[in-house]
**Q** 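Please find one structure pasted underneath; my questions will follow.
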Amino acid sequence: DSGVTQTPKHLITATGQRVTLRCSPRSGDLSVYWYQQSLDQGLQFLIQYYNGEERAKGNILERFSAQQFPDLHSELNLSSLELGDSALYFCASSPDQNTEAFFGQGTRLTVV
Amino acid sequence: GIQVEQSPPDLILQEGANSTLRCNFSDSVNNLQWFHQNPWGQLINLFYIPSGTKQNGRLSATTVATERYSLLYISSSQTTDSGVYFCAGQGASTSGTYKYIFGTGTRLKVLA
């Protein structure tokens with residue numbers, strides 16, 4: 001158990017819908033990262049937050065948004081979902097920005 | 001941006017065999033981690049190894065930061081070692097970003 005909690009573990013939804021993925025980082029970790037892994041692909045960086053502030057953006061679609069709350073948990077919002085958004089979404093956390101990162105178990109999103 | 005190459009892309013071993021996985025970076029990285037993604041999709045931290053050598057049971061890793069590569073050694077492989085092995089590094093930040101960049105992975109299958 002990495003200490004990073006992601007909910008839900010599985011999500012099935014229809015095209016055009018909106019979903020919210022939640023991440024609780026390890027206790028004390030200030031940095032949160034979101035990654036997307038499509039089928040049989042590597043992990044693509046989406047966005048990073050540090051102590052509530054957005055610090056880096058990757059190839060995140062405009063239909064996607066995220067935020068980190070004062071209690072340091074983070075949410076990734078995916079809207080106007082398309083079939084191609086089906087993927088495993090990972091959250092990771094680290095104590096600081098330049099240290100070891102630990103990954104949650106992921107949320108497997110299936111868009112039908 | 002930094003490119004991460006992993007080799008070999010696929011590997012099939014008989015149980016009990018040894019193997020070496022390699023990770024090359026196109027530029028300097030601050031930190032380097034190795035992960036194992038099991039067949040259920042879970043990402044497990046294996047090593048946090050910015051430089052030097054570490055060992056954990058049958059696994060060991062070596063990073064030569066000055067030459068921009070890292071090696072993961074698996075000895076006496078077991079069927080439970082099957083899955084995908086990823087390396088990931090954080091680029092030296094000039095813009096305040098510390099995202100981990102993942103390689104494309106080595107898919108390992110260990111046969112009983």
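Reminder, nothing fancy here: chain letters follow the sequence lines and each chain counts from 1. Just so you know, these numbers come straight off a predicted model, no measurement behind them.
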**Q** If Ile, Leu, Val, Met, Phe, Trp and Tyr residues are connected whenever their side-chain heavy atoms lie under 4.5 Å apart, and connections chain through other members, are B:Leu72 and B:Leu13 in the same group?
**A**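 In one cluster with B:Leu72: B:Leu13, yes.
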**Q** Look at atom CD of B:Gln55 and say whether more than 12 heavy atoms of other residues, nucleotides or ligands are closer to it than 6.0 Å.
**A**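 Enclosed.
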**Q** Counting distance only, does the side-chain N/O of A:Asn98 pair as donor-acceptor with the main-chain N or O of B:Asn30 below 3.5 Å?
**A**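 Pair absent, no side-chain N/O of A:Asn98 close to backbone of B:Asn30.
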**Q** In sequence, state the C-alpha distance, the side-chain angles, and the governing distance for B:Lys99 and A:Gln48, and then conclude on side chain to side chain contact (heavy atoms under 4.5 Å, CB included).
**A** CA-CA 7 Å; B:Lys99 63 183 180 183; A:Gln48 179 214 354; 5.6 Å; no
**Q** When hydrophobic residues are tied together by side-chain contacts of less than 4.5 Å, even through go-betweens, does B:Tyr69 share a cluster with B:Tyr73?
**A**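 Result: yes, single cluster for both.
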**Q** If I take atom CD from residue A:Gln37 and atom CG from residue B:Leu43, how far apart are they, to the nearest 0.5 angstrom?
**A**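 Reported to 0.5 Å precision, the distance equals 6.5 Å.
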**Q** Quick check: does any side chain N or O of B:Gln33 sit under 3.5 Å from a backbone N or O of A:Glu100, one acting as donor and the other as acceptor?
**A**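 Here the side-chain-to-backbone pair does not exist.
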**Q** Are the ring centres of A:Tyr35 and B:Phe35 closer than 6.0 Å?
**A**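 Centroid separation for A:Tyr35 and B:Phe35: 6.0 Å or greater.
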**Q** Which bit of A:Gln44 is near chain B, if near means a heavy-atom gap under 4.5 Å: side chain, backbone, both or neither?
**A**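 Contact with chain B is absent: no heavy atom of A:Gln44 under 4.5 Å.
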**Q** Of all of B:Trp40, B:Phe102, B:Phe86, which one pairs up most often with chain A through heavy atoms under 4.5 Å apart?
**A**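 The residue among B:Trp40, B:Phe102, B:Phe86 with the greatest pair count is B:Phe102.
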**Q** Identify which part of A:Phe45 has an atom lying under 4.5 Å from any heavy atom of chain B, answering side chain, backbone, both or neither.
**A**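 The side chain, not the backbone.
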**Q** Heavy-atom distances under 4.5 Å only: say whether A:Phe103 touches chain B with side chain, backbone, both or neither.
**A**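 Contact with chain B involves both backbone and side-chain atoms of A:Phe103.
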**Q** Same cluster or not: are A:Leu81 and A:Leu46 linked, directly or through other Ile, Leu, Val, Met, Phe, Trp or Tyr residues, by side-chain heavy atoms under 4.5 angstrom apart?
**A**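 In one cluster with A:Leu81: A:Leu46, yes.
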**Q** Give a yes or no on this: more than 12 heavy atoms of other residues, nucleotides or ligands lie within 6.0 Å of atom CG of A:Asp71.
**A**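 More than 12 heavy atoms, drawn from other residues, nucleotides or ligands, come within 6.0 Å of this atom.
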**Q** Flag yes if A:Phe102 and A:Val32 sit in one hydrophobic cluster, no otherwise; membership is Ile, Leu, Val, Met, Phe, Trp, Tyr, and two members link when side-chain heavy atoms are under 4.5 Å apart.
**A**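 No: no chain of side-chain contacts under 4.5 Å links A:Phe102 to A:Val32.
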**Q** Are A:Phe90 and B:Gln37 side-chain neighbours, meaning at least one heavy-atom pair lies under 4.5 Å?
**A**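 Yes, side chains in contact.
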**Q** Which bit of A:Tyr50 comes within less than 4.5 Å of chain B, counting heavy atoms only: side chain, backbone, both or neither?
**A**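 The answer is neither part of A:Tyr50.
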**Q** By a 4.5 Å heavy-atom criterion (distance strictly below it), what part of B:Tyr100 contacts chain A: side chain, backbone, both, or neither?
**A**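 For B:Tyr100, heavy atoms of backbone and side chain both lie under 4.5 Å from chain A.
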**Q** Is A:Leu88 in contact with chain B via its backbone, its side chain, both, or neither, using a 4.5 Å heavy-atom distance?
**A**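 Answer is side chain: those atoms of A:Leu88 sit under 4.5 Å from chain B.
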**Q** Please say yes or no: joined through hydrophobic side-chain contacts below 4.5 Å, possibly via intermediate residues, are B:Val110 and B:Leu46 part of one cluster?
**A**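 Yes; tracing contacts between hydrophobic side chains, which count when under 4.5 Å, links both residues.
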**Q** Can you see which heavy atom on B:Tyr48 is nearest to which on A:Thr99, and at what distance?
**A**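 Closest approach of B:Tyr48 to A:Thr99, heavy atoms only: OH-CA, 4.0 Å.
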**Q** Strictly distance-based, threshold 3.5 Å: is any side-chain N or O of B:Gln90 a donor or acceptor partner for the main-chain N or O of A:Gln97?
**A**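 At least one qualifying donor-acceptor pair exists.
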**Q** Could you tell me whether A:Leu61 atom CG has more than 12 heavy atoms of other residues or ligands within 6.0 Å of it?
**A**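 Atom CG in A:Leu61 is crowded, with more than 12 foreign heavy atoms closer than 6.0 Å.
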